[in-house]
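The structure under discussion appears below in the form of structure tokens.
The figures that follow rest on heavy atoms only: side chains count, while hydrogens, waters and symmetry mates do not. Each chain gets a letter, A, B and so on, in the order the sequences are listed, and its residues count up from 1.
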2 protein chains.
Amino acid sequence: MRQKRITLKDIARETGVHVSTVSRALDPVERKSITEEVASRIQAAADALGYRPNRIAAGLRTNRTMTVGVMIPDITNVIFPPILRGIESVLEPLGYASIIVNTDSERDRETRLVDVLRDRGVDGIIHAAVLRSDPSIARAAAEGLPVVTLNRKVENSQIPYIINDEDAGICEMLRHLRDLGHRDIAHVAGPQDLSTGQLRLAAFRNAAATLSLDFDPALVATARRFDEKEGARCIRELLASGRRFTAALCANDRLALGAIDELREHGIDCPREISVTGFNDMPFLELIRPRLTTVRILQHSAGQTAATVLLKLMNGDKAEDIPMETILPVEIVVRESTARVRQDDEDRPA
Amino acid sequence: MRQKRITLKDIARETGVHVSTVSRALDPVERKSITEEVASRIQAAADALGYRPNRIAAGLRTNRTMTVGVMIPDITNVIFPPILRGIESVLEPLGYASIIVNTDSERDRETRLVDVLRDRGVDGIIHAAVLRSDPSIARAAAEGLPVVTLNRKVENSQIPYIINDEDAGICEMLRHLRDLGHRDIAHVAGPQDLSTGQLRLAAFRNAAATLSLDFDPALVATARRFDEKEGARCIRELLASGRRFTAALCANDRLALGAIDELREHGIDCPREISVTGFNDMPFLELIRPRLTTVRILQHSAGQTAATVLLKLMNGDKAEDIPMETILPVEIVVRESTARVRQDDEDRPA
DNA sequence: CTGAAAGCGCTAACAC
DNA sequence: GTGTTAGCGCTTTCAG
């Protein structure tokens, strides 16, 4: 039933030359070593028969499959698709395809999936998961498989990583709030078992110091997940604490959206009474009122950069040509969820 | 540098048996044909050495790579990630991995990508693109490659397809509007070169007939893309036409969102003055005011179903056991963007 | 029950 | 320049 594919042997028979000659004629670099006439005759036959190289067979021989593995926590999270397109935009034109797997941020799933990828002979792996440490990918890298991580680094390893300048993002955002007159600024932190949550909290603390703002631990509420519900819960917690604050810097957009909703429930207007900021700049933000002030991450370029570095690794470029650390710039996007602190708030005694 | 993997040969040497024996011992079905003692000794050695089968090599031999190809227009479109997770949820536990490619709905890209997948020896393809016809995938299927399409059927082919009951969705929605007293209902149609756009327009027309509502061609505006901007443009066009309407049924959520925004620009309130409905039930809809009344499609189950059917095909199940057509139910989700038509509108002379 | 041998389709030394 | 040869790691006859 399943029609058999045209192989080199078929073309060899057709053109009356040896398969190795055919192989050479069809290989853009080896082609030079062959009489032009023969080469083009072979090419013609290949085209006529509709020959397609069997990468499985080639891969077995060369140990290169022209496919890479991409590991992400969850494709359903809107920040990842743009990253994937970024990766694809550099790899696909070069003939690479990607096997994409979702780790759900589970350690054992992640371990298993690394094997799934290696079993299929991927030439390299781009790892965009967010667990703080994970042995499996480090081991793969140590054994010589090209690996690049996105959004976080693997401690004690020689794995190149690409991260976004989240510190700068948080700091700029805090500066923005300070410039609007805010002094009592809460932080809705992300889960502390995810690198993103942890990093951003640290960044918030550092930024406060940099900007000479008080850092009040009581004004930090920590979410258990990056979702609207947790954002709402955190704000509730903050409100219940009785500590006053005029702005809430949230560790991501979903937390911020949940926070704004919850404030509304309490009859508190954002941004008039409390300013709220997000992080990531998800799509659709423009459609939600008030339009959220947030930090834009260039997911697409992050993907491109990761792919570019991975390529160098796969090409065996020498170590000094491979950037171990790439920090991508972020930018704050000021929209409607932040406003100047109200007079009566500002004028209060310190 | 690159550490060499453990092969059957290694564990054959280790255990003092022939590689074919090792191969059998490690194959769950062949294992029975081997002395239990030997088999477990081999198993132990394999575990100890950390053996992982090389699927490339196995694939070359068996023509099964345990990887499938998934073609979608654009992973960045929120409706696709849930489909992918649905596919993964049935395929991954069975040992399959997926190569995912984005077609951008371009015919030639699509053709090329089918080859990309076939070159890598995928065992089957799930094709969720939306172009109305496309020869490449039909050819692949005709040559015996297991193929299933999602969201649309390929004409004149024996390719099983899974679609959502969009007709019912549109009809239910129209009924909902009619029950609210609406009689002059506009349709913001999707691009007519995409099956979704075309199907939903046809469904709208049919539903109008079914429900004995007038179908007024002048109350149809056609978008060139499925986005907010086009939704806005279409509403502008409808408004400019001077034709009165009290509701607009849009071919998808983004068009609806754009429509509502544009109405607001014109000082027209949704739903008080004009009701608007969407289609798809994208995530985040809950966060946008007014909350959109829409048709929910079960993307995850659609993916699961597609994978299940593909499995049957790949297993070589006999034709009568393979459902050629699967129509998945949809449901309407009534939220806040639809309301009873206003008295003064309703009481007007026919 | 296990070993021997062939071969999937391709590439890469090595000859000539 | 082109043919010969030898595998890549695995599965699968076919013997024994």
Just list the side-chain donor-acceptor pairs under 3.5 Å for residues 69-83 of chain B, sequence neighbours left out, or say none.
unit_1: B:D74; atom_1: OD1; unit_2: A:R85; atom_2: NH1; d: 2.9
unit_1: B:D74; atom_1: OD1; unit_2: B:T76; atom_2: N; d: 3.0
unit_1: B:N77; atom_1: OD1; unit_2: B:I79; atom_2: N; d: 3.2

Identify all side-chain donor-acceptor contacts of residues 305-313 of chain B below 3.5 Å with residues at least two apart in sequence or on another chain.
unit_1: B:T305; atom_1: OG1; unit_2: B:S301; atom_2: O; d: 2.7
unit_1: B:T308; atom_1: OG1; unit_2: B:Q304; atom_2: O; d: 2.7

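Between chain B and DNA chain C, the heavy-atom contact criterion of under 4.0 Å yields a 5' to 3' nucleotide range of C:dC1 to C:dG9.
Judged by distance alone, with hydrogens and angles left aside, the side-chain atoms of B:N151 form no donor-acceptor pair with the main-chain N or O of B:I163 at under 3.5 Å. A donor-acceptor contact shorter than 3.5 Å is absent between the side chain of A:R112 and the backbone of A:R107.
For A:A12, the side chain to side chain contact (heavy atoms under 4.5 Å, CB included) partners at least two apart in sequence or on another chain are A:V19, A:V22.
Pairs passing the side-chain hydrogen bond (donor to acceptor under 3.5 Å, both in side chains) check and including a residue from residues 39-50 of chain B, sequence neighbours excluded, read B:E37-B:R41.
Nearer to the 5' terminus of DNA chain C, by closest-nucleotide assignment, is the contact made by B:A39 (compared with the other of A:K4 and B:A39).
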### Summary of protein contacts for nucleotides 9-16 of chain D, nucleotide by nucleotide, where a base hit scores B, a sugar-phosphate-only hit scores S (4.0 Å, heavy atoms)
BBBBB---
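Here B:S23 contributes atom OG and B:H18 contributes atom NE2; the two are 11.0 Å apart, rounded to the nearest 0.5 Å.
Contact check on B:R139 versus B:D115 returns no salt bridge, with no Lys/Arg side-chain nitrogen under 4.0 Å from an Asp/Glu carboxylate oxygen.
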